Amino acid sequence: MAKTNPGRFFEDYTLGEVIVHAVPRTVSGGERALYHALYPARHALASSDAFAQSCGLPASPLDDIAAFHVVFGKTVPDISLNALANLGYAEGHWLRPVWPGDTLRSESEVIGLKQNSNGKSGVVWVRTRGFNQHDDVVIEYVRWAMVRKRDLERPAPEPVIPDLQEAVTPDQLVIPEGLDFSGYDFALAGEPHRFGDYEIGETIDHVDGVTVEEAEHMLATRLWQNTAKVHFDATQREDGRRLIYGGHVISMARALSFNGLANAQVVVALNGGAHANPCFAGDTIRAWSEVLDKAETAAPGVGALRLRLVATKGGAPFRLRGENGKYLPEVLLDLDYWALIPL
Amino acid sequence: MAKTNPGRFFEDYTLGEVIVHAVPRTVSGGERALYHALYPARHALASSDAFAQSCGLPASPLDDIAAFHVVFGKTVPDISLNALANLGYAEGHWLRPVWPGDTLRSESEVIGLKQNSNGKSGVVWVRTRGFNQHDDVVIEYVRWAMVRKRDLERPAPEPVIPDLQEAVTPDQLVIPEGLDFSGYDFALAGEPHRFGDYEIGETIDHVDGVTVEEAEHMLATRLWQNTAKVHFDATQREDGRRLIYGGHVISMARALSFNGLANAQVVVALNGGAHANPCFAGDTIRAWSEVLDKAETAAPGVGALRLRLVATKGGAPFRLRGENGKYLPEVLLDLDYWALIPL
Amino acid sequence: MAKTNPGRFFEDYTLGEVIVHAVPRTVSGGERALYHALYPARHALASSDAFAQSCGLPASPLDDIAAFHVVFGKTVPDISLNALANLGYAEGHWLRPVWPGDTLRSESEVIGLKQNSNGKSGVVWVRTRGFNQHDDVVIEYVRWAMVRKRDLERPAPEPVIPDLQEAVTPDQLVIPEGLDFSGYDFALAGEPHRFGDYEIGETIDHVDGVTVEEAEHMLATRLWQNTAKVHFDATQREDGRRLIYGGHVISMARALSFNGLANAQVVVALNGGAHANPCFAGDTIRAWSEVLDKAETAAPGVGALRLRLVATKGGAPFRLRGENGKYLPEVLLDLDYWALIPL
């Protein structure tokens, strides 16, 4: 009996099944320190207990994107080991902050299946939930990936394509319990721009660039216990380069967005996202944002911005797609999310 | 008076003396996070407080091999600064888990001395003990190294070669207090294979490979406060490469062995080990294991596997030595240890 | 309205103004672990709670230089984003240890301004103070930098050059509360050399060298939330190299100085410092020290050494300046500080 994990193939998924992902993980100040070493992360709420307390929280939570990586990483051995492409995200919600000392685990429910017309692969939709040690859901999101078939003879399942929201609506945003921006300290946060200073359609060039090294993206990807071979094994490609985990680009872009969006403190929902082109060591990552929507919330002093966050490895800012409608070759990431910002 | 440490030479060791190693170290969640960033470590017991508690422990301990590195690192300035070769390990025991917050220090007793026939060097055997802040021994092991003489005129000491066990016997294994695998969660641990699924003589290819970078092995080796120049100073070799600390290879191989040995949760004894060939940045480390022995223990639901863990930098798995009896050039590590696994 | 931070130019500073720097930061065992991974730091007081407690402290503080970096990093977006050169340090004091769990923030008071004769830039002197969450000053120091003008038409301010001490005097040294070296354990600390063993004028070659990688200095510099582009963006220079943060060299040299100054446990004052030449990845950093002065203190068993710490990237030790009085090209750092050492 082979004891190593071959990963799941398309025919191994059943609609409605819930996959329990392995290796729960307790996070601490160590994960926070590493996150700050790996990315130029400066949002004050995830940097300072005192600042978080001045915003009504008991302590500084783990960076929201870091929490996402912990939950996501656990799903890789069951979902994406034989994936040909990571196709999209939708209906992502950060439901509760993750605190140092929390233990996270993940489960994924299969909510859609559609074999491709070539009969060699299919698309699998899963809704993944990350739980803390109290069995509270801390994060949930839908993700779909194209997965290889192993046994091409197996009949195609009845196609089921889930009906997904184009974007999370403002009334669906879940504000962290106690969050209160009415006494927000803009000087300590680093920028004076508040909710009212951002307009729908506005674009922001985040200016700074970070050149990525092999050691850095591997440290990050291992920290999230993501096991996909392509990120670690230089013998997987003829040119010896390792494909950088798409989440590394998300974190880098979100951290760079501090410069212009320093007060967009809390990532609260994920509407969609595409890893437009691969990223490799030596690339210099830059980022720009576009304000897609705005909404007030019921929490004191707390507004929400819907933002497009684009990461590039060159080229001018604010260019996304070519005349053919496809992403330009320098675009790495096109992410659509909601963030909370003081009114 | 020269104030820097020249290291000890063969003639500086006296049979029976106890060397107090410098620089005690307090470990925290920071060391755990870094360990997970440096290696693809996924054994659940060292990853999750909740999982560890479900196995009868008060919290998730520091990874057993990480604890070994902390204890070992302290010995380098006194034992291996002038070593020509690290020759072997024996009689290694993990006697107590190391918890975040513990402070470790090390001592080594000289238990054997034998000058080489060339008169230029000799072999020193030491039994090293790592203590926590309560003066409990947490780890002990025997190690021997070939050390240069400084003063070739000094007479050879009476040769004393310690009588070492070929392997720790099952009845000598010290099980962590409270460990209970009777309610073990195989889904969260990541694999269904239990004690009864492994057979003596069985070999397991752990499949995955990790390409190593200079920055990574130096971060790891410094974290253990190992000061050996060859790991850090590119001017020590004509080709500018830095020799990778053998312990980096041990940790990488042990972490890779998750894929096939996910339930071999606790490293409990070290029977022997050889660093067969040097490892350098750019090498892609892979690992395979062989089941050497099996034993039940007195702890509830807890069995023990004696495992050979081999790390390579290429070549096919399960090949260890050439026709001449020597390690094949691609073999980096041949380690023999006992691990605890659910029955 | 542009939302990104363009940095301040010379004409943006006003004598006497206090700049509140952004992004407070809570430190934990994670920062300590990373510091030990990034540098060969072995001073026992910043490594072990048990050792620190045996010296009268409640726990092991964050390494003094690490604390300096946290305070300094916050000032970069406001002081040095448009700096042409970092010119000097003076009157630096470590006033209170920084403990894991502390939250640090920084403020800088403009204490001097002098436009250069070319009218294109000027020198800005600031006294920076780092505060903990109790609003106690933990570190303060004076720093001056040459900063570009944006608007060359703006009239020069009245020149004010602050009157700075050539060195902190022994009576001004602030000893950490409770520090007591009368029961100091030299074996655990790693060297037998005490206050009386060092003579004014004595020089010490710290022997060891560390070759620096791009990934390492970027991890370090991000950890301190220092945002200066030149450290991260390979497109800023034609040769694609990133200029290494001068503080990385300070930490490396201070850590290397363990070998010969293992008992110089506490950095207590900064008299001055020059980043003599730039450092790049691939350089092998070495260090030597010179004893400049000695003084006893009122604390039990505690003496103070005034030390010159020089980092180099080659060449013989103890050579600092050429015949023209300029730093030799291999000299990276010339730092002048006070450290506490057992009598």
Side-chain angles (χ1 to χ4, degrees), chain A residues 28-44 47-54 59-60 100 185-193 197-198 202 204-219 255 258-262 281-286 289 314, chain C residues 1-6 19-35 37-38 70 73-74 77-78 100-107 131-135 213-229 231-236 240-242 281:
Chain A
S28 77
E31 276 74 10
R32 182 164 69 189
L34 263 165
Y35 199 78
H36 282 88
L38 289 162
Y39 308 105
R42 299 181 70 226
H43 288 93
S47 177
S48 163
D49 282 346
F51 191 92
Q53 286 155 2
S54 79
S60 176
D185 187 330
F186 289 86
L188 279 183
E191 290 183 351
H193 325 304
D197 296 323
Y198 292 89
E202 178 176 355
I204 302 158
D205 177 8
H206 300 303
V207 179
D208 303 312
V210 174
T211 308
V212 185
E213 299 291 313
E214 297 280 14
E216 293 170 342
H217 77 81
M218 291 197 293
L219 287 169
F258 177 91
N259 199 353
L261 282 165
D283 288 345
T284 299
I285 302 179
R286 293 175 199 283
S289 292
Chain C
M1 171 188 180
K3 292 203 165 63
T4 49
N5 175 22
I19 301 167
V20 174
H21 303 301
V23 192
R25 170 68 166 275
T26 304
V27 298
S28 76
E31 276 74 11
R32 183 165 68 189
L34 263 165
Y35 199 77
L38 289 162
V70 175
K74 301 189 186 325
D78 298 312
D102 277 1
T103 298
L104 301 184
R105 60 185 180 82
S106 303
E107 294 180 2
F131 297 85
N132 64 17
Q133 70 277 22
H134 309 298
D135 291 328
E213 299 292 313
E214 297 280 13
E216 293 170 342
H217 76 82
M218 292 198 293
L219 288 170
T221 308
R222 273 190 295 252
L223 185 60
W224 318 127
Q225 297 177 308
N226 177 331
T227 57
K229 288 178 179 58
H231 306 319
F232 301 108
D233 183 347
T235 68
Q236 296 273 309
R241 296 192 299 177
R242 278 144 274 178

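The structure displayed is predicted, hence computed values, not measured ones.
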Please look at [X] and chain A and tell me whether the side chain, the backbone, both or neither of the residue comes under 4.5 angstrom of a heavy atom of that chain.
| X | answer |
| --- | --- |
| C:Ala33 | neither |
| C:Ser28 | side chain |
| C:Arg32 | neither |
| C:Pro100 | neither |

Chain C contact via [X] - which portion, at a heavy-atom distance below 4.5 Å:
| X | answer |
| --- | --- |
| A:Phe258 | side chain |
| A:Leu219 | side chain |
| A:Ala262 | neither |
| A:Asp185 | neither |
| A:Ala187 | both |

Among [options], which residue has the highest count of heavy-atom pairs closer than 4.5 Å to chain C?
| options | value |
| --- | --- |
| A:Val207, A:Val210, A:Leu38 | A:Leu38 |
| A:Val212, A:Asn259, A:Thr284 | A:Asn259 |
| A:Gly314, A:Ala255, A:Gly209 | A:Gly209 |
| A:Ala59, A:Ala50, A:Gly190, A:Ala215 | A:Ala50 |

Taking all heavy atoms of [X] and all of [Y], pick out the closest pair and write down the distance.
| X | Y | value |
| --- | --- | --- |
| A:Ser48 | C:Pro24 | CB-O, 3.3 Å |
| C:Leu34 | A:Ala37 | CD1-CB, 3.9 Å |
| C:Pro77 | C:Thr227 | CG-OG1, 3.7 Å |
| C:Phe232 | C:Asn226 | CE1-O, 3.2 Å |

Count the heavy-atom pairs under 4.5 Å between each of [options] and chain A, then report the option with the highest count.
| options | result |
| --- | --- |
| C:Leu104, C:Val23, C:Val20, C:Thr235 | C:Val23 |
| C:Asp233, C:Leu223, C:Val27, C:Ile19 | C:Asp233 |
| C:Gln236, C:Glu213, C:His231, C:Met218 | C:Met218 |

- Query: With a 4.0 Å cut-off, would you call C:Glu31 and C:Arg25 a salt bridge?
  - Reply: yes
- Message: Check A:Arg286 with A:Asp208, please: is the shortest side-chain N to carboxylate O separation under 4.0 Å?
- Response: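 Salt bridge: no.
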- Message: Run the side chain to side chain donor-acceptor pair (under 3.5 Å) test against C:His21 and tell me which residues pass, sequence neighbours left out.
- Response: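 Residues passing side chain to side chain donor-acceptor pair (under 3.5 Å) with C:His21: C:Asp78, C:Ser108.
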- Query: Checking salt bridge (Lys or Arg N to Asp or Glu O under 4.0 Å) for the pair C:Lys3/A:Glu202: CA distance, chi angles, key distance, verdict?
  - Reply: CA-CA 11 Å; C:Lys3 292 203 165 63; A:Glu202 178 176 355; 2.5 Å; yes
- Polar contact flag, side-chain donor to acceptor under 3.5 angstrom, A:Asp49-C:Gln133: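 Distance-only check fails for A:Asp49 and C:Gln133.
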- Task: Say whether A:His206 and C:Thr4, considering side chains only, have a donor N or O and an acceptor N or O under 3.5 Å apart.
- Result: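 No, no side-chain donor-acceptor pair sits under 3.5 Å.
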